[in-house]
Amino acid sequence: MKTIYFVVPCYNEEAVLPETAKQLCAQIDGLVRDGLASSESRVMFVDDGSRDRTWELIASLSEKETYVCGLKLSRNCGHQNALLAGLMTAKDLCDAIISLDADLQDDVEVIPEFIQKFSEGCDIVYGVRKSRATDTTFKRGTAHGFYRVMQLMGVELVSDHADYRLMSRRAIESLSQFREVNLFLRGMMPVIGFKTANVFYERHERFAGESKYPLKKMIAFAVDGITSFSTVPLRIISGIGFVVFFISIIVLIYALVAKLTGNALSGWATTIGSIWLIGGIQLLCTGICGEYIGKVYKEVKARPRYFIDTAIIK
Ligand code: UDP
Ligand code: MG
C-alpha cells in the first residue's frame, strides 16, 4: 500500500488550520478505509515563519491527531520555498506527495482521483481548475494574461494549474536535483517529464483569512516565472536594438541629405521626441538585462533556500 503525504505551506493561517486539518485527516481516513493509502500517510503543515499562532496550532494538532505532522521554518521564506522544504523533508518518508494550499481553495474531494492516476503509473498529476467563477474578474483577467504571456515567452506551463499536484517520489527526487534559488515550481515540473495526467476541479472561495498574494507579490511572481524560464525578453531587446539601429541609419542619411541641400531647418519636436523615445527604450532594456543579471547573481551565490527550525515527524 502506498504512503501519501500532504504538504501544506502555511503563512498566518490560524483561521483556517483547524478546518484544513480536519478535512485532510478525514481524507486520509477515507483513503485508508478504501485501501488507497497506508495508515503511515500524513498531513505535513509547513509553517513559513507565521507571525500568528499557526505553529502553536500545528504543534497541538500534531499531538491530538495521528495523521498530522509539522515543519517550522526559521523565518518567512515565501510560498515556493516553504513548499520545497516540505517536499524535500517528506520525500524520504512516502511514495507520493500531494501539495496544496492551506486555505481549502483546492477541492479535496478529487484526491482519490489523484491517487487513481498515480496508481495508473503517472509520476506527476496536475490539479487543473475547471472555471474561475469564484475569482474576482481582476484576478481572472490577470491570471489569463499571465498564462498567455508565459506561452508567448515559450515557457511550458499547465494552464490554470497552481500548486495543487501529486508528485511521485521519483519526480521529487528529480526535482531535488534542480539547484536553482529562484523557484517557480509549476514551471519546473513540466521540465522533469515522466508520465503526467490532469485532474479537473472547482476552485472554492478561500475558507477563511485573506490572500497572502497581493497584486505586488503576484507581479513579482509572474516576472520571476518569466525570467527564470525564458530568455525571450533578451532576444526582444536585441530585436529592438536592431530595428532602432536600422532606423537611425535612415535618419542619418535623411539628415545628411537635408544638410547638403541646404534644407536643414531643425525640428525641435523630432529632436525632443527621439531623445525621450530612445532614452526610454534604453532604460527599459537595461532594466530587463538587469533582471537577468540579478538572477544570475542570486544563483551564483546559491544560498540555502530555507532553514528548518523544528520538525515534528512521526
Ligand atoms: N504562503 C506561504 N508563505 C507566504 C505566502 C503564502 O506559505 O509567504 C501560503 C499560504 O499560507 C497558502 C498558500 O501559500 O497556503 C497560498 O497563498 P494564498 O492562498 O494566500 O494565495 P492565493 O490563493 O490568494 O493566490
Ligand atoms: Mg489561496
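What you are looking at is a predicted structure, and each value in this text was computed from that prediction instead of being measured. Just so you know, ligand 1 is whichever comes first in the structure, and atom 1 is the first atom listed for that ligand.
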Looking at atom 16 (C) of ligand 1, what's its closest protein heavy atom, distance included?
-> Asp101 OD2, 3.3 Å
Atom 8 (O) of ligand 1 has as its nearest protein heavy atom Asn76 ND2, 3.2 Å
For atom 25 (O) of ligand 1, which protein heavy atom lies nearest, and how many Å away is it?
-> Lys139 NZ, 3.2 Å
Please state which protein non-hydrogen atom is closest to atom 1 (N) of ligand 1 and give its distance, to 0.1 Å?
-> Tyr11 CB, 3.7 Å
Test: Arg75 cationic atom under 6.0 Å from Phe307 six-membered ring centre, within 45° of axis | no
Of all the atoms in ligand 1, which lie at a distance below 4.0 Å from a heavy atom belonging to Pro9?
-> 7 (O), 9 (C), 10 (C), 11 (O), 12 (C), 15 (O)
Are the side chain of Thr20 and the backbone of Ala102 linked by a donor-acceptor contact shorter than 3.5 Å?
-> yes
Under 4.0 Å from a heavy atom of Lys217: give me the atoms of ligand 1 that qualify, with their elements.
-> 5 (C), 8 (O)
Does the ring centre of Tyr164 sit less than 6.0 Å away from the ring centre of Phe114?
-> yes
What's the shortest distance from atom 18 (P) of ligand 1 to any protein heavy atom, and which residue and atom give it?
-> Arg206 NH2, 3.5 Å
Check: Gln177/Glu173 side-chain N/O donor and acceptor closer than 3.5 Å | no
For residues Glu19 and Gln23, is any side-chain donor paired with an opposing acceptor at under 3.5 Å?
-> yes
Side-chain donor-acceptor pair under 3.5 Å between Lys91 and Ser176, yes or no?
-> no
Which atoms of ligand 1 have any heavy atom of Glu13 under 4.0 Å away?
-> 10 (C), 11 (O), 12 (C), 15 (O)
Distance-only N or O hit between ligand 1 and Ala102, under 3.5 Å | yes
Which atoms of ligand 1 sit under 4.0 Å from any heavy atom of Cys10?
-> 7 (O), 11 (O)
For Gly78, the atoms of ligand 1 under 4.0 Å from one of its heavy atoms are 3 (N), 8 (O)
Where is the nearest protein heavy atom to atom 24 (O) of ligand 1: which residue, which atom, and how far?
-> Ser211 OG, 2.5 Å
Verify whether one side chain among Thr3 and Ser38 offers a donor that lies under 3.5 Å from an acceptor in the other.
-> yes
Asp103 near the Mg ion (ligand 2): N/O/S under 2.8 Å | yes
Numbered in order shown, the ligand 1 atoms found under 4.0 Å of a heavy atom of Arg203 are 23 (O)
Among protein heavy atoms, which sits nearest to atom 4 (C) of ligand 1, and what does the distance come to when rounded to 0.1 Å?
-> Asp48 OD2, 3.4 Å
So, Phe45 versus Phe6, ring centres under 6.0 angstrom or not?
-> no
For atom 17 (O) of ligand 1, the closest protein heavy atom turns out to be Tyr213 CD1, 3.9 Å
Using a heavy-atom cut-off of under 4.0 Å, does the side chain or the backbone of Gln105 touch ligand 1, or both, or neither?
-> side chain
Examine the side chains of Gln80 and Asp163 and answer whether a donor and an acceptor come within less than 3.5 Å of each other.
-> yes
For the residue pair His161 and Tyr126, categorise the inter-ring angle as parallel (less than 30°), tilted (30 to 60°) or perpendicular (more than 60°).
-> perpendicular
